Amino acid sequence: MDKSDIADVLNEIATLLEIKGENPFKIRAYQNGARKLETLEEDLGDLVSDGKLKEVAGFGDALVQKITELYETGSLTFFEKLKDSVEPGLVSMLEIPGLGAKKIKNMHKELGVASIEELKIACESGAVAELKGFGKKTAEKILLGIENREAYGRRHLWWDAFEVAKPILDGLQSLPEVDSASHAGSLRRKRETVGDLDFIVGSKTPKPIMDWFVAQEGVKEVTARGETKSSVRFESGLQADLRVVPPEQFYFALHHFTGSKDHNVAMRQRALSRGMSLSEWGLKPVDEDDFSNSKVISSEEDLFKYLDLEYVLPELREGAGEIEAAESGKLPQLLDGKSIRGVFHNHTTASDGRCSLEEMTKAAQERGWEYWGTADHSKASFQANGLDDERVLEQISLIDSLNKSRKFSTYVFSGVECDILTDGSLDLDESTLMSLDYVVSSVHISMTQTEEDMTKRLIRAIEHPATTMLGHLTGRILLRREGYKVDVSKVVDAAIANGVIIEINANPRRLDMDWRFWRRAADKGLMTSINPDAHRIEHFDFVEAGVNVARKGWLNESHVFNTLSVDEVRKAFAKRRPALGRLKAV
DNA sequence: GCCGTTTTCGGCCCGACTGTTTTCAGTCG
């Protein structure tokens, strides 16, 4: 089992304990342990074999034992027994808003309700409304929750969520009563998916702001409406929360609700070590009762300054060592999206793209890029009209003449997204591949191999002399399918050893390789290229999502291949393809 | 279940909101 599998088990344990009515702090310890595991930089195998698991803050004797057992045997006796002791239907009931462990237990005990289906019947029959502590409204709310659960998935792509958030933010900022307004939460931290939208507003007069917020266009349901906090659900299923705080609290609240939880814990601890108490209300001496004498700040930067820290950008607030880096002045100079000078890995009508070579070139030029590169599918991707050797060679000469025509100022690099076959060999002849400027090697078929086989397969493709970049490392589709299992560390090492780039596939549904791996990989010397995988001109915009990944992965400009100028790219490609004359001619 | 320079027990964030109550419990973030 790998880190994320084990983290899943820890989270499931937490859920089961919750249903059983265990001590909430014990539950939190498991959830905390799961998060720690997911953000762990070190190799889990190393930590287990070196006996260093115990040194991770948050892992005590019990968690070390359980994680070790899961890692070594792939199962956990404690977990199996726990599962047997809880009706599985109860767990899924937790997904309904407004239902927690206590209400679920109560309904199970009094009415025998043990699944969402039974719960629905119990609500409709009026049995739930008659329970002590329940009522008509509760039953209605549960029914609505069941309906919503069927209608919408629970999380949303950052890309989609941000589209919804932008006009809300603009709307808030244009209200005369609003002093300052911002989005917060995972949306602001630019996580790949977000659960809901959080907004923080500083104002002395919350009422008209709340009125506007709940009356927005597209609001399907107002799920909470108070003086300082309101929640709405949009027709798309997205939920948005608004908090209005007095102007002097705005930056404290913004920082608090931007999170992450781990980051906040670390910040509070740091405040405490300085005799201060930090919360969404302010920063005050520990021994004072309220925040009336809080420090005054006029930006988040001020808050970090009070704690003797460099400013930590929201993207980095994941509790992954950013405080330590901010303390010692070792925060990275993060990649700026403006330094992207061109993009690779894009499709045209030659395979499954929607736009022609010229349309794509024009669009790239309009974006001010110095170059862009085609990478249509190879023939094994039959469903995508993949190119065989002959069609690849035809496309190369087409691109050659387009470049020579000087019709566009943007230069076109010829590439291909070559399928990595089941055994790790590539789908096209080596001579064809070496005639291209670059090759993105990707897996699209036989994705159910074991981790060991898949790792070997990827490494073999990386070792192929024609491979320039490795495409979407795990093949994951966010919110839809897990990626295939692969030993990331071994693949990264192989890429470094062979001078191969691993792409950040910037398609908002992929964002693969994941940001969690980048800091460590880049430290070891891995380069990336932020590739939009565009299938139409609008998809060039995906670069922004890829830049988010790079920034969350602590990458700076020097780690990103497509910040190079067109001449630098030609030189880099020419190194691997010394026989290609056109790469030398500038 | 974790943690500890007031350390092996007792605290772990706590306030807003809702719906049920008539002073509070449960949920949420």
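None of these values were measured; they are calculated from a predicted model. In what follows, every heavy atom counts, from backbone to side chain, and hydrogens, waters and symmetry copies are set aside. Order of the sequence lines sets the chain letters (A, B, ...), proteins ahead of strands, with each chain counted from 1.
At whole-Å resolution of the value, CZ in Arg243(A) and P in dG29(B) are 9 Å apart. Between Phe257(A) atom CZ and dG29(B) atom P the separation is 11 Å, expressed in whole Å. Here dG15(B) presents its P atom at 16 Å from CG of Asn264(A), a figure rounded to the nearest Å. As rounded to whole Å, 18 Å separates atom P of dG1(B) from atom NZ of Lys36(A). dG29(B) atom P lies 24 Å from atom CZ of Phe252(A), rounded to whole Å. Taking atom NZ of Lys141(A) as the reference point, atom C1' of dT20(B) lies 12 Å away to the nearest angstrom. For the pair Glu221(A) CD and dC17(B) P, the interatomic distance rounds to 17 Å; values are reported in whole Å. A straight line from CG of Leu242(A) to C1' of dA16(B) spans 13 Å, rounded to a whole angstrom.
Salt bridge present: Arg516(A) and Glu192(A) bring a charged side-chain N and a carboxylate O closer than 4.0 Å.
Scored by the side chain to side chain contact (heavy atoms under 4.5 Å, CB included) test, Lys137(A) finds no partners at all (sequence neighbours excluded).
Shown here, dG26(B) forms a base pair with dC17(B); the pair counts as Watson-Crick or G-U wobble because both key distances fall under 3.5 Å.
Between Met210(A) and Gly133(A), the one whose closest nucleotide on DNA chain B sits nearer the 5' end is Met210(A). When the nearest nucleotides of DNA chain B are assigned to Gly226(A) and Val56(A) by heavy-atom distance, the more 5′-ward of the two goes with Val56(A).
Considering only the side chain of Lys137(A), dT20(B) comes nearest among dG1(B), dT20(B), dC3(B). Closest contact between the side chain of Asn23(A) and the listed nucleotides dC13(B), dC3(B), dG1(B) involves dG1(B). Closest approach to the Trp281(A) side chain among dG29(B), dA16(B), dC3(B) is made by dA16(B) (side chain taken as heavy atoms from C-beta onward). Listed nucleotides: dG1(B), dG29(B), dC17(B). Nearest to the side chain of Lys26(A): dG1(B). Nearest to the side-chain atoms of Ala224(A) among the listed nucleotides dC17(B), dC12(B), dC3(B) stands dC17(B). The listed nucleotides are dC2(B), dC12(B), dC3(B); the one nearest the side chain of Ala62(A) is dC2(B). With dC17(B), dC13(B), dG29(B) as the candidates, the nucleotide lying closest to the side chain of Asp241(A) is dG29(B). Of the candidates dC17(B), dC2(B), dC13(B), the closest approach to any side-chain atom of Leu63(A) belongs to dC2(B). Considering only side-chain atoms of Thr228(A), the nucleotide from dG1(B), dG29(B), dA16(B) that sits closest is dA16(B). Residue Arg28(A) places its side chain closer to dC12(B) than to any other of dC17(B), dC12(B), dC2(B).
Asp61(A) comes within contact range of the sugar-phosphate backbone alone, with a heavy-atom separation under 4.0 Å but no base atom that close. Contacts of Lys136(A) with the nucleic acid, taken as non-hydrogen atoms under 4.0 Å apart, involve only primed sugar atoms and P, OP1 or OP2. As judged by a 4.0 angstrom heavy-atom cut-off over every strand, Lys66(A) is placed among residues touching the sugar-phosphate backbone only. Glu22(A) comes within 4.0 angstrom of no nucleic acid atom, judged by non-hydrogen atoms across all strands.
Only the C1' atoms considered, dA25(B) is 8 Å distant from dT20(B), to the nearest whole Å. To the nearest whole angstrom, the two C1' atoms, one in dC17(B) and one in dC9(B), are 34 Å apart. Across dC2(B) and dT7(B), the matching C1' atoms stand 13 Å from one another, rounded to whole Å. Here, dT21(B) and dG26(B) have their P atoms 13 Å apart, quoted to the whole Å. dC14(B) and dT8(B) have their C1' atoms separated by 27 Å, given to the nearest Å. Taking atom P on both dG4(B) and dC13(B), the two are 14 Å apart, rounded to the nearest angstrom. Rounded to the nearest Å, the gap between the P atom of dC12(B) and that of dT5(B) is 16 Å. Look at the P atom in both dT18(B) and dG11(B): the space between them is 32 Å, to the nearest Å.
Proximity of Thr138(A) to the phosphate of dT20(B): a side-chain N or O atom is located under 4.0 Å from OP1 or OP2.
A donor-acceptor pair is defined here as one N or O able to donate and one able to accept, closer than 3.5 Å; no such pair exists between the side chain of Asn32(A) and the backbone of Arg28(A). With hydrogens and angles disregarded, a donor-acceptor distance shorter than 3.5 Å links the side chain of Asp512(A) to the backbone of Gly475(A).
Residues Leu331(A) and Glu310(A) come closest through the heavy atom pair CD1-CB, 3.8 Å. Counting all heavy atoms, side chain and backbone alike, Gly259(A) lies closest to Arg317(A) at O-CB, 3.4 Å.
The six-membered or imidazole ring of His256(A) lies away from that of His263(A), with a centre-to-centre distance of 6.0 Å or more.
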**OP:** Evaluate the side-chain hydrogen bond (donor to acceptor under 3.5 Å, both in side chains) criterion for residues Arg191(A) and Ser186(A): first the C-alpha distance (whole Å), next the side-chain angles of each, then the deciding distance (0.1 Å), finally the verdict.
**Re:** CA-CA 5 Å; Arg191(A) 288 287 288 244; Ser186(A) 47; over 6 Å; no
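A cation-pi arrangement, defined by a distance under 6.0 Å to the six-membered ring centre and an angle within 45 degrees of its axis, is present between Lys66(A) and Phe78(A). Figure legend: cation-pi geometry between Arg243(A) and Phe257(A), with NZ or CZ positioned under 6.0 Å from the six-membered ring centre and within 45° of its axis.
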Original post:
If the sugar-phosphate is the primed atoms plus P, OP1 and OP2 and the base is the rest, what is the B/S/- string for nucleotides 23-28 of chain B, using protein heavy atoms under 4.0 Å?
Top reply: ---SSS
